[in-house]
Each structure stands twice: as C-alpha cells, then as structure tokens.
J.: 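Take a look at this one; I'll ask things after.
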Amino acid sequence: MILALLIIVLLVGAVLCALADRVDRRVVRWTALIITSVDLALAIGVATLVSQGPIVFRLPWLPSWGASLHFEADGLAALMILLTTVLGVVAVLISWEEIERRSGAFHVWLLLLQVGILVVFLARDALLFYLGWELMLIPLFFIIGIWGHEDKQRAAFKFLLFTFGGSIFMLLALLYVYVRHLNLGMGGTFEIEELAKTPLSASEQWWVFLGLFIGFAVKIPLFPVHTWLPDAHTQAPTAGSLILAGVLLKTGVYGLIRLAIPLAPQAAEAFAPLIIALSLIGIYYGAVVAFAQRDFKRLVAYSSISHLGFVVLGLFVGNAAGYQGAVLQMVNHGLATGGLFLLAGIIQHRAHTRNLEVFGGLWKYAPAMGAFLLFFAFASLGIPGTGNFIGELYVIAGTFQLHHTLGALAALAVLFAAAYSLKLFLSTMHGPTARPWRAFKDLHIHESVALGILCVGLIAVGLYPKLVTQPLYFPPDRLVPTTGRVPERVIRAEAARGSLSSVSRMRSKSFSLDHEVVLVSEASK
Amino acid sequence: MKPSIESAALAVIMLPLLGFAVVGLLGRRLPRGGDWLATGIMGFVLATALMIFASVFHLNSPLVSIRWLSPWFDPRGNGFEWPVGILVDNLGAVMLVVVATVSFLVHLYSIGYMHGDPKYVRFFASLQLFSAAMLSLVLADNLLTLYISWEIMGFCSYLLIGHYFEKPSAANACLKAFMTTRIGDVLMFMGILILYWQVGSLRFADIFAAVASGSLGMEWRTVAGLLLFGGAVGKSAQFPLHVWLPDAMEGPTPVSALIHAATMVAAGVYLMARSYLLLTPEAFLTIAYIGGFTAIFAATMGVVMDDIKKVLAYSTISQLGYMMLGLGVGGFVASGYTAGVYHLTTHAFFKACLFLGSGSVIHALHTQNLSEMGGLRRKMPITFLTFLVATLALTGLPPFSGYFTKDSIIAAALEFALEHPSHWLLPSFAIVAALFTSFYMFRLVFLAFFGAPRNTHAYEHAHESPWVMALPLVVLACLSVYPVGGGVGNWFWSRNPAPKIEEIFDRYGPPSASLHGGGAGPEMAKGGSLASHPLELSNSAHGDSPTHEEKAHLAHQYAVAASLAVFLLGVGLAWATYMKRIIDAQKVAMRFRPLYLLLLNKYYVDDFYQAVVVRPFLAFCRKIAGFDLRVIDGVVNGTGWFTRFVSWLVGLHDRFVVDGLVNAVADAAAAGGRTLSRLQTGRIGTYLAGIGVGVVFLAGFMFWIIGSMR
C-alpha cells in the first residue's frame, strides 16, 4: 500500500499544484515542496521496511492480457526511489526562484515526471514498466520545451525522438517475449518474473537482448547513442537537468538489471565484451569531450556519459564488486552530478551565461558557492570521503578481478576525470575575475539547503558505503544479477532446448516459430 | 597500555578532523577565526603524539599493531572485506611526532604570518584537514586508508597552493600539482588493486605475511612495488614528476613549510619505507637510481634560482631524492633503510625551519627575490641565526643533524658501490649533489643576510617577526642541532627510532624461505651480481660479517671525508663568489650561457611536457569534441535532416503525384458528370429511347456471354 501511496501522493500533488496555480506562485511552490517531502518520508519508510522483505502491491489491471498493477520494492528499488524522492525535493527547492513563468504547470509536470520514474522503478509488470517508461518522456519533453533555454525546442524534440525511438525496440522485444510465452502455452502474462521463465533459444535471446539493450542504452546513454544528452541538459531548466541526470539516466541501467539481464541472461553474457568495450570507450570519450567543452552544462553532461560508463562497466564485469560499484555509482552520480547541475543553474541564473571562458575568480564573490562547487567537482573526480571514490573503487576492483589490463584502463580514466573537474573549478572559481561580477550574489538559503542535502548524501555514502551496498541484498537470498553467473533455471531450459533444436533442424532448416512451438509442446508431453 | 595507545591514536586523527569541521563551518563566527582552536588542537595532538612515542618505546616489542574497526565495507560478495586499523610501530611513532611537531609549529607561525588575510579561516580549516589526513596516513595499517589519506592530502595541497587563487600563477600551480601527483596516484592505485587481488587483503601485515610465505610471486612484488613507487614519485616529486613542487611555492609560506617540505612530500618516502618488505632488487635499484638522479638533478637547478622559495623547493626535491637513494640502497646494505628514514625526520625539522625563516624574510620585505635582499642579519637576528643553523644542518656540518643522516646515506651508497662497483654512479650522485647543496644554500645565506642591502627601501621597513613566528623558528633550529634534536632522552639517535630492517624480519618470520622457494630462481640468478638480497640481510649479516663490516667501516670513513670536503668546497665557492666577489657570478653565467639557460629553464622539462603532453592532449580533446559534434551528432542531426528531406520529397510526391492522381480521378469524374448531365434532359421520350437502347445492348451482351459459354 505504501508503494501505491508513493504514487498517489504525487498525483494528488499534481492536481493540487494545478489548483494552487490560480491562487499564487508561492502556494504552488509550497504545495510542491510539501508533497515531495511527504513522498521522501514515504520513500524512507519503504527503505526501512524493505529490510524485512520485499514490499508488494498488486491490483488487477488488464486481466485478459495478463497485465496487472504489480509494484514491488526490494533493496535496489528502494534505493532508487529514495534517490528519486530526494532529488524531487531538491528539484522543487532549486526551482524556487528560477521558474517564474507558468509555475503551476511546471510543478505539475515535475511531479508527473516523478510519477513516471517511480513507476519504472517499482513495476514488476513489463507493460506497467513500459507505461512508466513512456510516461517519463512527456513531462520532461514539456519541461525542456517550455521552460528551457535558448534552443529548447530542438533539444526537446531530439530528446523525445531519440528515447522514443529507442523504446520502440524495447517494446518489440518485450512483445516478442510475451508472444513466445503465450504461444508456448504458458499463458499470457506481463509479469517479468514469469516472462523470464520463457525458454528462448540462443538466437532469440540475442535479438531480445539487443532490442532491450538499444532501448536502455539510449537512455543511459552509452557511447554512440549519447548525443541527445548534452543538448537536453544544456537546454533544460535546472530542475530538469537535475532529474534527468540524477534519476532518468539510471532508469536505463535499472532496465538492464531488471529486464534485459533476467530475460536474456545468456545473451547478456555474450554481449558483455561488447558492452564492456562500449562503456570503456564511453568513459574515456565522455571525459575527453567534457574537457574540451566551453559550456558549463555541456561539460557536466559529457562527464555524465563518462560516469555512466563506469556504471555499465561495473554491471557487466560479472562479479559482486562490480555490481555493487555500479549501484554505488548510480547513487553517487545522481548526487554529485546533480549538484554540479544545480550550481550550473545557479550561476547561469546570476550571470546569464554558461560560457566558462567569461567566468573566473567567482570564489571571491561567492564563498559558499565556491565551497560547494569545490566539493562537487572533487566528488566528481572521486576524492576519498565522497561516495564516488568508493563507487569507482568497487567498479575498478571488479574490473581488475575480471582482467588486470581492463582494470588498469578503468583506473587510468580517473585521471581524465580529474582533468575536466579541475578545469571546471579553475575556470569558474579560480583565477582573476574576467568580468566585474559585482552584483554576483552568493547562495540563497533554499539553494544552500538543496546543495547541502546532496552534500550530506555524498559524504554519508563515502564514509559508510554499506548504506548502499547493504540494501542490495534485500531480500536476503536475492542473487546478485551478475552476468557471469547464469541462474540455474536458464541452464535447465537450455538443456531442454538443446535436444529440441537438433530435432527441429532435422525437420526444417529454418527456426520458424511454429516448428518450435510444436516441438516444445511435444516435449512437454 | 594498549587501549590507551589505541584511543590516543584515534584522538590524534579525529581531533584535527573535528577542528576542520568546526573551523570550516563556524570559523567566521568564532573570535579570531578559530585559529586558537586549530592551534590548540595541534598542541594537544603533539602532546598525545609524544605520549604515544614514549609508550611505544617503553614496550620492548618494537612494533605495536592495533587492529581496529572492520565492518566498514559490506563484507558480502567475493570476500570483499577491507578492515581498517591503526598501526603504531617505531616508524609510525617517529613520523607521528615529526608531523605533529611541524604541524603545531606551523599553525602557531601562521597566526602571525597569515594575519589579516581575507581567507584566514579557510586557511586554518585546510591546515586542520591536512593534519588529520597526514596523521591518519602515518597511522594506517593498510594501504586503503593510506591511499585515502594520501588523496585527501593532495586535495588540501590543491586548496592551499591555490590560496591566492586570484593570481593566475597560483591557480595554475594548484591545478598542475594536483594533476601531476594524480598521475602517480593512479599508478599507486593500480598497485594497490594488484596487491588486493594477489594477496586478498590490504593490511600491511597480511601483505608481508604473503611475501614471507612466498605466496606473492616475485614478478607481482616487482610490479606492485614499482607501481607504489610511482605514487611516491608523484607525491615526493621525484624525477619525471618533480615539476609540480617548485610551482607549488605559490602557496603561502607556512604551507610550503608544512606540506611541501616537511610532511606531505615525505609521504612518498614513508610509503616506500612502509612497504619495504614488498620490494624486490629490481624495485630497489629503480628507487635508488631515480632517487640519486633526482638528488643531483634538482640540486643543480637550485644553484641558479633567484626566488628564495624556489631555491628551497629544489633543495627539497634534492633531499627527497637522497631519502629515496637511502631506501633504495637499503635493499642491499643494511644501513640504507635507517639512513633514509632518519634523513626524513631530520630533514623535516631543518627544512621546515628554512621555509619558515624564508617566510619571515618575505613577511618583512614583501619580496621573494634574492636580488632584492641583503644585509638582513642585523635587522632580523633571530631569523638569521635559526636560518644559519638549519642551513648548516642541511649542508651537513658535524654537530648538526643533517650531517649525520646525509652522511649515512652517502656511506650506505658508497658501501653498496664498494660491493658492486658497477653501481659507482649512486655514491657519485650523492656526493656531487652535496657539493651543490652547500653551494646554493650558502649562496642563499650570503645573498639574503650578508652584504649590503640591495633594496634599501624594503630593507628599511624590514623588522624581526613577532614571537608567534620567531618561536617556531627557534624550536625548529634547536631540533636541527644534533645534541638537542637527536639527544633528548636518547630517542632520536641511539635508541633507534626507525626500526632496523632486521627487526621487521624478526617480526614477520624468516623471509629467506620465500626466496629460495619455488618461483624465485630466475630472479635470483639475474640478481646474482647483486649478491645479497635485502631479505637475506638478517642471515648474511651474521655470516660473512668481517668483510661486510670492514667495507661498511671503510665506506663510512670515505663518506665522512667526502661529505666534509664537499661541504667546505661548496661553502668556499659560495663565499668566494658572493662575499668576496673573487668569482664573478655574472661572468660565469655569461661564459657558460647555454648551461646557465638550461638550468634556469629547469632543463626544459616543463616545456617538454607542455609540448609533448599538455598541448597534444588539449588538441586531442578538441579534436574528439569536434568529432562528437560533427560526426556522431552529425549523423544524428543528419538523420534528422534526411528524414525531413525525405518527408519533403514525400510531400512533393504526395502533392503532385498522389494528390494529382486523386485530383485527376476527381476531375475525370467531374468532367464525365458534366458531360453526362447533358443527357438529363427531363424529357420522357429521350429516357425511353435510352432504355430501349440499353435493353437491346444488355440483351445482346447476355446472348454473347451465353453463346461463348457453350
């Protein structure tokens, strides 16, 4: 029930914000702040309850299709919704002054965006997952398109088309598994756990994984399909950037963990070298391109690509260290990069530019802002004491376990992270002042609170990483989804299929769908 | 006793951390920016450190290891367990006292030096954080916490070098320092991970146990040892990565004294001393050569610098090279290890004294250039005397501490070379570097404190520093004198503060088993010329002691003679050049202009890095960014354009062809309709006629069909 409440509160909040818009802008803000805070409290509740076992909420939805409103929170999901709700509060705080136009509509979209994200993190039904997945796009599309900066409409469309294009592949893959499941006489269901039991041949798995992977890779984003991200980030208002970097990108990784790997575990293993290569390229590529940027937000956006490369790398090295590191990095990246985007927005709001070349020496005018930027820049380069260090340590250690050279490569990337992070700090805060920023004001109280929340989170994870790694094992006997360890049921299914495919090859050279259906039904007798 | 050491050690780390938090967050509201709090904390830490030191020496066992805390990381999954602990042994206790002493004195000094600075509070907060990190590094019992402290020190160093960040030179210097040391750090990080996957633990005790049992192969020991040394090269500014330290002098002078002379830069030496048992002959030789080369390389540059702090910076690099040299030959000659660690402790005091003294001069004159100083000994007697004492210690005159330690490094290098004549370069490095040292240091002293003032305006305003600045100078100068610094309670000299390497072997069992065991064969054969392996020392030292001791004795005599000779020569040359003007420095510079320029431009190493690393990297980044914008995003946008283009084409097609067809059909229908409408005359006769024609036509058609079916 608490899971449904999480979503209902936000929906009610959206309605309230729409109503409050007729009264006053301040009422809207306070409504949004209270709603997101309540949601945060609920999420904390979920995170504490989840240690006693998974929390399940299920309602029938489309029984004839086998789809239900199945929400379930385990440790990983609890972490993710906690991250989402924390950033939700921060997003409202940071929009306090920035959003002056159509404040009501903005907050409605902001809350609906969180609804979509929460649905993705909680759904255990593939159709529901897909629904949430598409639900995330529309609010963000409007947030970028209406409240964004100079080139907002192009960026919004690029974002929408890119991710929508990716999600079509995902939908096709899901439907294929659904149909296979149905045709095998196992009943029509969208339950992910049931779908994962569908015996798929190696080539089927390959295609299914590819479809899902394309959908998720665009969202993460992985190396060659990343170009929507810098544009979207640059043009989005601060809260949009925050949510986009902080949680939206993680839904892609989350999808890999929840859908792609369980539905096609062998294909995941087969794809692992390619994905590891792509993520390593992405780590370096993102860092190098970030270093060359002149736009504050673009720099941070490219650094996101680099960081997310670490996440995916950790996920696919196939050991517990890597997996824990990947999840740690998801949380840390959300907080640290979120912080950098906040500062980008704050500085842009004051200076009316994001061009790094005209800044410089700002620390003199804004000591608190400088201290925060220092903290987040160093968090981003992985200084010990922040969660990023632990996350990178885990990922690199996991990569080392897989292969020493790969591990060394991943470790060297930390150097590049230092380059762009320090460049960012140097060109904004250090050095002589390039312009007379006399009217440059230091942080407002709500900005300090927003940044402070992220700071505390990062330090907490950095000093006590168990905060993140412990919940990964809730419920206690859950398998870490490592690609190296194929769950037993898949092996069983594969053994059963081994004999079948040889028979089917005798009958017909093509692996047509009908043949196998017949064969499987024969075998089941 | 143990629990009290444990809690004291914990307090030593935690208190400065607390001070950092309090001063950093509330400093502005505290009276005087909380400097009293920070200094008081360091005073307490110093007292605690002395107590720990005394306790450790009361215990007969030379090593006290305290295991503490473990559930920091989640232990699940592949035994991912990283316990955190505190290790207090002789090495750690000595370092603890050194760090606490210098840090306390620098805090005290900064009250005077930084007075009136707009970033006073931030400065003290950073100093506190740095002290906490350095102390926890010294007390770490495992490589992970050591690395963490190491990195946080780097962060503090970045902050403090960039204290005057409005100056572009300072802003660039801190960036350069952080990036350069980070290169070493990454190497060290790899070394740590290799050890982790080979040994399964990062605790020094476990690693050494693996070394002793032979489960850690020689090749991994070499690789990991050299990677760790990579970290030390970065932090301790050894040859290829030394470029950051002279630039780091952009920081306030107390910072230069604490971080960039006495403590942080010595952390690399400490790391090597700490992981000594891990190292192999190859690693030792590399360390010795890099250290020796750095010693002479940096010393030559110190000769031509005009900036008083730059001279001291190059001197620091050079002395760190000495320590590395000592540790490196210590792998083959028993005394090297002790000499290296010793030099670390004595150097910390006299170099801190020199830097603080130069700070005192800078504070008085507001200039760092030697060419604007002169005659200061009358105006600043305390500064002058303490500076002179520290200089004598650095250059190595007998009753002062530096003589004993540097001399023993030279002796160790000589002894090694006597046994293995092919390595004659190592002692030559050390001896020639000592010549340069005494020359540039006395050049500094003569130029700054003797002669006529070159800038009379500055000279007239010069004054002796307040007591908060003078007191640390006096204390440090006293610690640079052997009978005081070395003699108090006989701790620093005769009671062996640094653990002798044999004791470490005693502690971790007979290590020779690992060497003669399987897997070590080829290495031993290759290292045959190196005769005695470090880990064999405990045995061989007793075995063929006569020749060994004779050689050691001989080496020591040579070393004493050589170092005294070069000391006198260096002083004499400086005296002749800068006091008596017998030798005209300008003429010499003109005569050997290429050489002079080479030294002045720091052997063009910076320019080399600029040309070969920095600029290509920047260009590369820009290229890739262009690639991203034009090619990858270009493909995306191109796809967008293409889609639009296709849509446009389709639109045209739609409008002219499809629509055209539709319209054509419509037009035809309309035209047909119009034509046919003429038939609609409304006259019945016409209709009937039409029907008749139609019936006849249909009938004929039907008959034709029926007929054809037959």
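We use all heavy atoms of the structure for the numbers below, so side chains are in, but hydrogens, waters and symmetry mates are not. In what follows, every chain begins at residue 1, and chains take the letters A, B, ... in the order their sequences are listed.
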J.: For A:F157, is it the side chain, the backbone, both, or neither that has a heavy atom closer than 4.5 Å to a heavy atom of chain B?
T.: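 Neither the backbone nor the side chain of A:F157 comes within 4.5 Å of chain B.
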
J.: Does any part of the side chain of A:F425, heavy atoms only, come nearer than 4.5 Å to the side chain of B:L175, both counted from C-beta?
T.: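 Not in contact.
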
J.: Considering only NZ, NE, NH1 and NH2 on the basic side and carboxylate oxygens on the acidic side, decide whether A:R298 and B:D628 come within less than 4.0 Å.
T.: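 Between B:D628 and A:R298 there is no salt bridge, as every charged N stays at least 4.0 Å from the carboxylate O atoms.
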
J.: So what's closer than 4.5 Å to chain B heavy atoms on A:I383: side chain, backbone, both or neither?
T.: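 Contact with chain B involves the side chain of A:I383 alone.
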
J.: Does any non-hydrogen side-chain atom of B:V635 lie less than 4.5 Å from one of A:T227?
T.: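 The answer is no, as the side chains (C-beta and beyond) never meet within the 4.5 Å cut-off.
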
J.: So for atom CZ, which belongs to B:F617, do other residues, nucleotides or ligands contribute more than 12 heavy atoms lying within a distance under 6.0 Å?
T.: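 Counting other residues, nucleotides and ligands, CZ of B:F617 exceeds 12 neighbours.
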
J.: Is any side-chain heavy atom of B:F165 closer than 4.5 Å to one of A:M429?
T.: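 No, every pair of side-chain atoms sits at 4.5 Å or beyond.
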
J.: In the structure I gave you, are the side-chain heavy atoms of B:F155 and A:L374 within less than 4.5 Å of one another anywhere?
T.: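 Answer yes - side chains close enough.
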
J.: Would you call the rings of B:Y147 and A:F389 parallel, tilted or perpendicular, taking 30° and 60° as the class edges?
T.: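 Rings of B:Y147 and A:F389: parallel, under 30°.
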
J.: Between A:W228 and chain B, with a heavy-atom cut-off of 4.5 Å, which part of the residue counts as in contact: side chain, backbone, both or neither?
T.: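 The answer is neither part of A:W228.
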
J.: Given side-chain contact (heavy atoms from CB on, under 4.5 Å), test B:N172 with A:L426 step by step and report yes or no.
T.: CA-CA 8 Å; B:N172 290 330; A:L426 175 75; 4.0 Å; yes

J.: Tell me whether A:F164 at atom CZ has more than 12 heavy atoms from other residues, nucleotides or ligands lying less than 6.0 Å away.
T.: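 No, CZ of A:F164 has 12 or fewer neighbouring heavy atoms, counting only those of other groups under 6.0 Å.
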
J.: Can you tell if the side chain of A:F291 reaches within under 4.5 Å of the side chain of B:L618, non-hydrogen atoms only?
T.: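 Yes, their side chains come closer than 4.5 Å.
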
J.: Report yes if some heavy atom in the side chain of B:Y158 is under 4.5 Å from a heavy atom in the side chain of A:F378; otherwise report no.
T.: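 Of all side-chain heavy-atom pairs linking A:F378 with B:Y158, at least one is under 4.5 Å.
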
J.: Flag the one option from A:P224, A:A287, A:A419 with the top tally of heavy-atom pairs under 4.5 Å to chain B.
T.: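 The answer is A:A419.
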
J.: Looking at every heavy atom in both B:V186 and A:A411, which two are closest together, and how far apart are they?
T.: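 Heavy atoms only, the tightest pair is CG1-O, 3.7 Å.
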
J.: Compare every heavy atom of A:A292 with every heavy atom of B:C621, then report the nearest pair and how far apart it is.
T.: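 What the structure gives for the nearest pair is O-CB, 3.4 Å.
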
J.: The test is side-chain contact (heavy atoms from CB on, under 4.5 Å); show your working for B:E166 and A:T433 and say whether it passes.
T.: CA-CA 7 Å; B:E166 297 90 347; A:T433 37; over 6 Å; no

J.: At what distance, to the nearest 0.5 angstrom, does CG of A:L415 lie from CE of B:M179?
T.: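 Output value for this atom pair is 4.5 Å.
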
J.: Between A:D231 and B:D633, is there a side-chain heavy-atom distance shorter than 4.5 Å?
T.: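 B:D633 vs A:D231: side chains touch.
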
J.: How long is the span from the CD1 atom in B:I148 to the CG atom in A:L393, to the nearest 0.5 Å?
T.: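 The CD1 atom of B:I148 sits 8.0 Å away from the CG atom of A:L393.
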
J.: Can you say whether A:P432 sits under 4.5 Å from chain B via the side chain, the backbone, both, or neither, judging by heavy atoms?
T.: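 It is both, since atoms from each part get that close.
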
J.: Does any backbone or side-chain atom of A:I396 lie under 4.5 Å from a heavy atom of chain B? Answer side chain, backbone, both or neither.
T.: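 Both parts, heavy atoms under 4.5 Å.
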
J.: Passes side-chain contact (heavy atoms from CB on, under 4.5 Å), B:R122 versus A:W363? Steps please.
T.: CA-CA 12 Å; B:R122 199 184 296 169; A:W363 205 356; 3.4 Å; yes

J.: Measure from the side-chain N and O atoms of B:W197 to the backbone N and O of A:A397, and report whether any donor-acceptor pair falls under 3.5 Å.
T.: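 Such a contact is found between B:W197 side chain and A:A397 backbone.
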
J.: Taking side chain as everything from C-beta outward and backbone as N, CA, C, O, which of these in B:L159 sits under 4.5 Å from a heavy atom of chain A? Side chain, backbone, both or neither.
T.: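 Just its side chain gets close to chain A.
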
J.: Would you say the side chain of A:H430 lies within less than 4.5 Å of the side chain of B:P168, judging by non-hydrogen atoms?
T.: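 No - every pair of side-chain heavy atoms lies 4.5 Å or more apart.
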
J.: Please state whether the side chain, the backbone, both or neither of B:I183 comes within less than 4.5 Å of a heavy atom of chain A.
T.: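 Backbone plus side chain of B:I183, per the 4.5 Å heavy-atom cut-off to chain A.
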
J.: Counting only heavy atoms from other residues, nucleotides and ligands, does the tally under 6.0 Å from OH of B:Y164 exceed 12?
T.: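 More than 12 within 6.0 Å, yes.
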
J.: Please round to the nearest 0.5 Å and tell me the distance separating atom CZ of B:R182 and atom CG of A:L381.
T.: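 With rounding to 0.5 Å, CZ (B:R182) is 5.0 Å from CG (A:L381).
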
